[in-house]
Number of protein chains: 2
Amino acid sequence: MNHPVSKGESRVAGMTAKENLRPGGRSARVQASVHKAVRELMAEMSRADVTIPLIAGKAGVTPSTIYRRWGDLQELLADVAVDRLRPDMQPIDAGSGKADLETWAEQYAEEMSSGPGREMIRDVLAAQAGANACKCSEYTRQQIDVIAERARARGETFPDVERVMDQVVAPIMYRILFGDVPATKRVRDLVARVISTTD
Amino acid sequence: MNHPVSKGESRVAGMTAKENLRPGGRSARVQASVHKAVRELMAEMSRADVTIPLIAGKAGVTPSTIYRRWGDLQELLADVAVDRLRPDMQPIDAGSGKADLETWAEQYAEEMSSGPGREMIRDVLAAQAGANACKCSEYTRQQIDVIAERARARGETFPDVERVMDQVVAPIMYRILFGDVPATKRVRDLVARVISTTD
DNA sequence: TTCGTAAAAGCAAATTCTTTGCATTAATAG
DNA sequence: CTATTAATGCAAAGAATTTGCTTTTACGAA
């Protein structure tokens, strides 16, 4: 009922010490091994069968360490999921703002509607801490921002980022979350509409 | 790992028996008392403190009954949440399709972004069974359908229901889920746009 | 470097939740 | 009314969670 829980990093510190030169302090090492254990376990078994004692065993820490740092399984899974949802590359340059957005949106829809994608989103949204969810939409916003900047640099008009969030990202995510899997055609239509109604 | 779980009603049956004339069979009674217990407990304490043994005690059943019927707390909470998310009335008639939609959307945004609203949505989405989430968007679709039919009966043009889902409902829900609370003005703008771009 | 301090981790016992087999009760069909 | 099937109660066994206390580790200061 009262977790010290400092989420993610606990203090990546300056580390003047002898050993420990590489990554971070002990906290960082524990976090890394726990995250790794979670990813591996999620890959080899059903999410319903992953438990904290299991994770702890695989990560080489005690369960109480995990309970104290993350509070419960939900929060830990959300923490790991957010990590995995961070884009690992810039949006592909397809020649024009519209093509860029189309390419990006199709990939986004595909990744997010995949089995693992849905699970990660669920994990993020299921957690109490809303911060993780915020981070996710922030990642998305940044990607779109890159596309928008690129378009403007080319001298094209491009809709406001928030407009894109409302008219492209939101519908895709809504349908993924509430049952439908958005078809490619639908995604293209969303992009076409937001581009064509750009003020 | 292997729940008989027949979700909701198990068979509201014909009940020829002497007693039991009113609601349904034993199953229905148990479901009702468990749902009631959940609602009451959620009202009087933090969601994190609500446990199955607690619910069972308040509902006058044994924990194993709940485990066998619902599988786990998540599923039970989702089941209760869906119930509470079912609209209890038709959308208000505000004179025109646009006004109807505006009125409905503002109320929807307010209810869903409230504390209890967010919790219910989270509960629904966190559950494994996707059926509950589907039901939710189905409720919404039906409400909009009523508004659309009314508008057409008046001879107005009104956007396709799926367009409204994409351009009004989805953005509202996305922002609620991923951090923002949509302001009234934003909701009005969404409605204005979907109405003004009706083919 | 060495020492002191504070945060984090280990350990283990106590508690609470979850699962399961078996007995019992209730609802339905015949 | 009786047989059958499904659902619940009960209680023991198994896991997970919580917690107090000890030990380790990282970091700052002397």
Side-chain angles (χ1 to χ4, degrees), chain A residues 1-34 37-38 41 45 47-77 128, chain B residues 1-34 37-38 41 45-77:
Chain A
M1 200 103 27
N2 186 4
H3 317 299
V5 179
S6 59
K7 215 20 73 52
E9 34 48 87
S10 317
R11 178 165 25 94
V12 183
M15 65 195 116
T16 28
K18 334 88 228 287
E19 54 203 42
N20 234 21
L21 320 137
R22 283 49 87 55
R26 176 173 53 157
S27 278
R29 268 199 312 282
V30 168
Q31 152 140 353
S33 66
V34 169
V38 170
L41 287 172
M45 63 177 63
R47 226 185 96 260
D49 296 331
V50 176
T51 66
I52 287 185
L54 242 182
I55 295 167
K58 186 149 202 158
V61 302
T62 59
S64 63
T65 294
I66 297 183
Y67 285 115
R68 282 200 255 248
R69 275 183 69 153
W70 282 277
D72 63 20
L73 184 59
Q74 283 291 291
E75 295 298 323
L76 171 55
L77 293 184
Q128 289 207 297
Chain B
M1 204 99 31
N2 185 5
H3 317 298
V5 181
S6 59
K7 214 22 72 53
E9 35 48 82
S10 318
R11 180 163 26 90
V12 185
M15 64 193 117
T16 28
K18 331 89 231 286
E19 57 202 39
N20 235 22
L21 320 136
R22 286 50 88 54
R26 177 171 52 159
S27 279
R29 268 199 311 280
V30 169
Q31 152 139 355
S33 66
V34 169
V38 170
L41 287 172
M45 63 177 63
S46 157
R47 226 185 100 263
D49 297 330
V50 176
T51 67
I52 288 187
L54 242 183
I55 295 166
K58 186 149 200 156
V61 301
T62 59
S64 64
T65 294
I66 296 182
Y67 285 115
R68 282 199 258 247
R69 276 182 69 152
W70 282 278
D72 62 19
L73 184 58
Q74 282 291 291
E75 295 298 323
L76 171 54
L77 293 185

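Letters go in sequence order (proteins before strands), and every chain restarts at 1.
Remark: A:Gly60, A:Val61, A:Thr62 in residues 50-63 of chain A come within less than 4.0 Å of DNA chain C through at least one heavy atom.
When side chains are defined from C-beta on, A:Arg69 does not count as touching A:Val34, because their heavy atoms never get closer than 4.5 Å. The side-chain heavy atoms of A:Trp70 and A:Ile52, taken from C-beta on, include no pair separated by under 4.5 Å. Within the 4.5 Å cutoff, the side chain of A:Asp49 has no heavy atoms near those of the A:Leu54 side chain.
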Worked verdict on B:Val38 versus B:Val50 for side chain to side chain contact (heavy atoms under 4.5 Å, CB included):
CA-CA 8 Å; B:Val38 170; B:Val50 176; 5.6 Å; no
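The side chain of A:Thr65 places no N or O atom within less than 4.0 Å of a non-bridging phosphate oxygen (OP1 or OP2) of C:dA8.
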Nucleotide N/O to protein N/O under 3.5 Å, stretch nucleotides 22-24 of chain C:
none

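The nearest whole Å value for the distance from the CG atom in B:Asp49 to the P atom in C:dT16 is 13 Å. Atom CD1 of B:Ile66 is separated from atom P of D:dA7 by 16 Å (rounded to the nearest Å). Atom CZ in B:Arg69 sits about 10 Å away from atom C1' in D:dT8, given to the nearest Å. One can place CG of A:Asp72 at 17 Å from C1' of D:dT19, the figure rounded to the nearest angstrom. D:dA16 atom P lies 17 Å from atom CG of B:Leu73, rounded to whole Å.
Here the closest heavy-atom approach between residue B:Pro63 and residue B:Pro53 is recorded as CG-CA, 4.1 Å.
To the nearest 0.5 Å, atom CD of residue B:Gln31 and atom CG of residue B:Leu76 are 9.0 Å apart. Note that the OG1 atom of A:Thr51 and the CE atom of A:Met45 stand 8.0 Å from one another [nearest 0.5 Å].
Proximity note for A:Ser27 (side chain, C-beta onward) versus D:dT8, D:dC10, C:dA9: the nearest is C:dA9.
Within the 3.5 Å criterion, the main-chain N or O of A:Gln128 finds a donor-acceptor partner in the side chain of A:Glu75.
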